[in-house]
Amino acid sequence: MASVSIECVAREGCRIGESPVWDQREGALLFVDITGRKVCRWSPLTRQTQAIAVDAPVSSVALRKSEDYVITLGTRFAALKWKEELVTTITQVDKDKANTRFNDGKVDPAGRYFAGTMAEEIRPAVLERRQGSLYTLFPDLSVVKHFDQVDISNGLDWSLDHRTFFYIDSLSYSVDAFDYDLQTGKIGNRRSIYKLEKEESIPDGMCIDTEGKLWVACYDGGRVIRLDPETGKRLQTVKLPVDKTTSCCFGGKDYSEMFVTSASDGMDKEWLSRQPEAGGIFKITGLGVKGVPPYPFAG
């Protein structure tokens, strides 16, 4: 085993850093600060972060086939033109609810953008329960709702054979699997494949490696864990120097580096003084595995 090394590469002080995505075209890491209302792009060459401010909580960002990006913004799916700093609404969801916003989102292997909603938080992880839903934005820009009664719609990814969809509703403290139909984007047969231990705390963002194992960032757990979705066993724990780890992705030239986002919302001065890198972006090397490149939205 190579030795695992962890470095804070961008001390961003994000309120809620989320949705890291490697953009191979730019050789850069995309991420968002949800409550900070900005979409960010960090370059490993310059070690600088560029940010575009937006007009609502922005909870996920994804690549787009036609270049530029798609984002989830408030309760809208939207397009983002980076150079022009231009955001245009594609469509809106949850029109019957005054108090929800999108949370995590990711594009499936067929180019559909999956994203779920949750109630606005009163304090971190404190919110009105079962207000969220899971949606898909199709390449023709139509939207399908899969189910509702979600607490905090969170991490998502697909198995290497594209037959299983993995999903996290954070307050269930469970990583779930669904049967997946790549032709139609339909999901079914939900089951739990891993229940979090007490010290792991709240499951948040998630990604998959080329061995088909899942990596889950544990909010308030200060770690990412590697799971075998077949056996339901935890294979590895990587602890970080911040408690509020929010999401993870693989990136770098050969997708052998892991990037982890974190949050600082809900931390008082004393807590922040103990964890000055809270809200930063971390790079983990030496894991000995590679990740799967992100899929671009086909619309």
Side-chain angles (χ1 to χ4, degrees), residues 16-22 30-32 34 58-63 69-72 77 93 100-118 132-138 143-182 184-194 196 202-209 212-219 224-227 229 245-250 258-261 291-298:
I16 307 178
E18 256 289 1
S19 185
V21 179
W22 185 256
L30 296 164
F31 61 95
V32 301
I34 301 180
V58 55
S59 59
S60 72
V61 57
L63 308 177
Y69 309 116
V70 280
I71 57 176
T72 48
F77 284 106
V93 303
T100 60
R101 66 160 173 84
F102 268 118
N103 201 37
D104 208 353
K106 195 171 277 184
V107 177
D108 85 344
R112 309 174 188 101
Y113 193 7
F114 275 63
T117 56
M118 59 183 275
S133 304
L134 180 68
Y135 294 96
T136 300
L137 176 69
F138 281 74
V143 172
V144 163
K145 177 160 121 177
H146 296 280
F147 50 80
D148 52 20
Q149 301 289 308
V150 174
D151 286 324
I152 301 179
S153 190
N154 232 322
L156 6 78
D157 218 323
W158 289 265
S159 61
L160 302 183
D161 66 5
H162 308 155
R163 289 183 180 170
T164 307
F165 168 58
F166 300 108
Y167 175 72
I168 290 167
D169 179 353
S170 288
L171 298 189
S172 70
Y173 297 89
S174 171
V175 179
D176 291 356
F178 293 80
D179 295 342
Y180 194 63
D181 184 337
L182 189 64
T184 61
K186 285 193 173 131
I187 60 177
N189 185 29
R190 185 175 190 166
R191 60 235 180 238
S192 172
I193 54 166
Y194 184 79
L196 273 80
I202 302 171
D204 201 325
M206 168 168 60
C207 67
I208 197 164
D209 64 32
K213 308 298 188 276
L214 297 172
W215 293 83
V216 179
C218 301
Y219 181 84
V224 288
I225 55 175
R226 187 180 190 224
L227 309 175
T245 38
T246 54
S247 192
C248 51
C249 79
F250 285 92
M258 176 176 279
F259 292 94
V260 181
T261 48
V292 177
Y295 305 104
F297 176 61

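We use all heavy atoms of the structure for the numbers below, so side chains are in, but hydrogens, waters and symmetry mates are not. Every value quoted in this text rests on a predicted model; they were computed, and no experiment measured them.
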Drop me the distance from M206's CE to K106's NZ, to the nearest 0.5 angstrom.
7.0 Å
I187 vs Y167, test: side-chain contact (heavy atoms from CB on, under 4.5 Å). Steps then yes/no.
CA-CA 11 Å; I187 60 177; Y167 175 72; over 6 Å; no
For V21 and V61, work out which heavy atoms get closest and say how close.
CG2-O, 3.2 Å
Plane angle bin for F114 and W158 - parallel if under 30°, tilted between 30 and 60°, otherwise perpendicular
perpendicular
Salt bridge check: are R112 and D108 linked by an N-O gap of less than 4.0 Å?
yes
Between V216 and D204, is there a side-chain heavy-atom distance shorter than 4.5 Å?
no
Sorted by chain and number, sequence neighbours left out, salt bridge (Lys or Arg N to Asp or Glu O under 4.0 Å) with R190 holds for D176
P293 meets the side-chain contact (heavy atoms from CB on, under 4.5 Å) criterion, sequence neighbours left out, with Y255
For P109 versus L182, what's the shortest heavy-atom pair and its separation?
CB-CD1, 3.9 Å
I152 versus N103: any side-chain heavy-atom pair under 4.5 Å?
yes
Heavy-atom check, side chain of H162 versus side chain of D181, under 4.5 Å
no
Heavy-atom pair with the smallest gap, counting every atom of G17 and T246:
O-OG1, 2.6 Å
Any side-chain heavy atom of D209 within less than 4.5 Å of one from W215?
yes
Verify the distance criterion only: is there a donor paired with an acceptor across the side chains of S192 and S174 at less than 3.5 Å?
yes
D148: what forms a salt bridge (Lys or Arg N to Asp or Glu O under 4.0 Å) with it, not counting sequence neighbours?
K145
Measuring only between side-chain heavy atoms, which start at C-beta, is Y135 closer than 4.5 Å to Y113?
no
Does the D169 side chain pair with the main chain of S172, one donor and one acceptor, at a distance under 3.5 Å?
no
Smallest heavy-atom separation, L196 atom then Y194 atom, equals CA-CE2, 3.8 Å
Using the six-membered ring wherever Trp is involved, compare the ring planes of Y180 and F165 and label them parallel, tilted or perpendicular (cut-offs 30° and 60°).
tilted
Given C249, S247, C207, C248, the one that forms side-chain contact (heavy atoms from CB on, under 4.5 Å) with F259:
C249
For the OG1 atom of T100 and the CE atom of M118, what is their distance to the nearest 0.5 Å?
10.0 Å
Can you tell me how far CD1 of I193 sits from CG of L214, rounded to the nearest 0.5 angstrom?
5.5 Å
Are F77 and V143 side-chain neighbours, meaning at least one heavy-atom pair lies under 4.5 Å?
yes
Would V224 and V260 count as a side-chain contact (heavy atoms from CB on, under 4.5 Å) if you check the C-alpha gap in whole Å, the side-chain angles of each, and the deciding distance to 0.1 Å?
CA-CA 8 Å; V224 288; V260 181; 4.1 Å; yes
Ignoring hydrogens and angles, tell me if any N or O in the side chain of T117 forms a donor-acceptor pair with the backbone of S133 under 3.5 Å.
yes
Please name the pair of heavy atoms, one in S153 and one in G116, separated by the smallest distance, quoted to 0.1 Å.
OG-CA, 3.1 Å
Out of curiosity, D151 CG to S170 OG, how far, rounded to the nearest 0.5 Å?
9.0 Å
Would you check if L156 and F166 make a side-chain contact, meaning some heavy-atom pair closer than 4.5 Å?
no
Note, E18 side chain near N154 side chain (heavy atom, < 4.5 Å):
yes
Of all heavy-atom pairs linking V32 and S19, the shortest is CG2-CB, 4.1 Å
Tell me whether the centres of the aromatic rings in F138 and F297 are closer together than 6.0 Å.
no
Out of curiosity, L171 CG to I202 CD1, how far, rounded to the nearest 0.5 Å?
6.0 Å
Would S60 and T72 satisfy side-chain hydrogen bond (donor to acceptor under 3.5 Å, both in side chains), going step by step from the backbone distance to the final call?
CA-CA 5 Å; S60 72; T72 48; 2.7 Å; yes
Could you measure the distance from the OH atom of Y69 to the CG atom of L63? Nearest 0.5 Å is fine.
7.0 Å
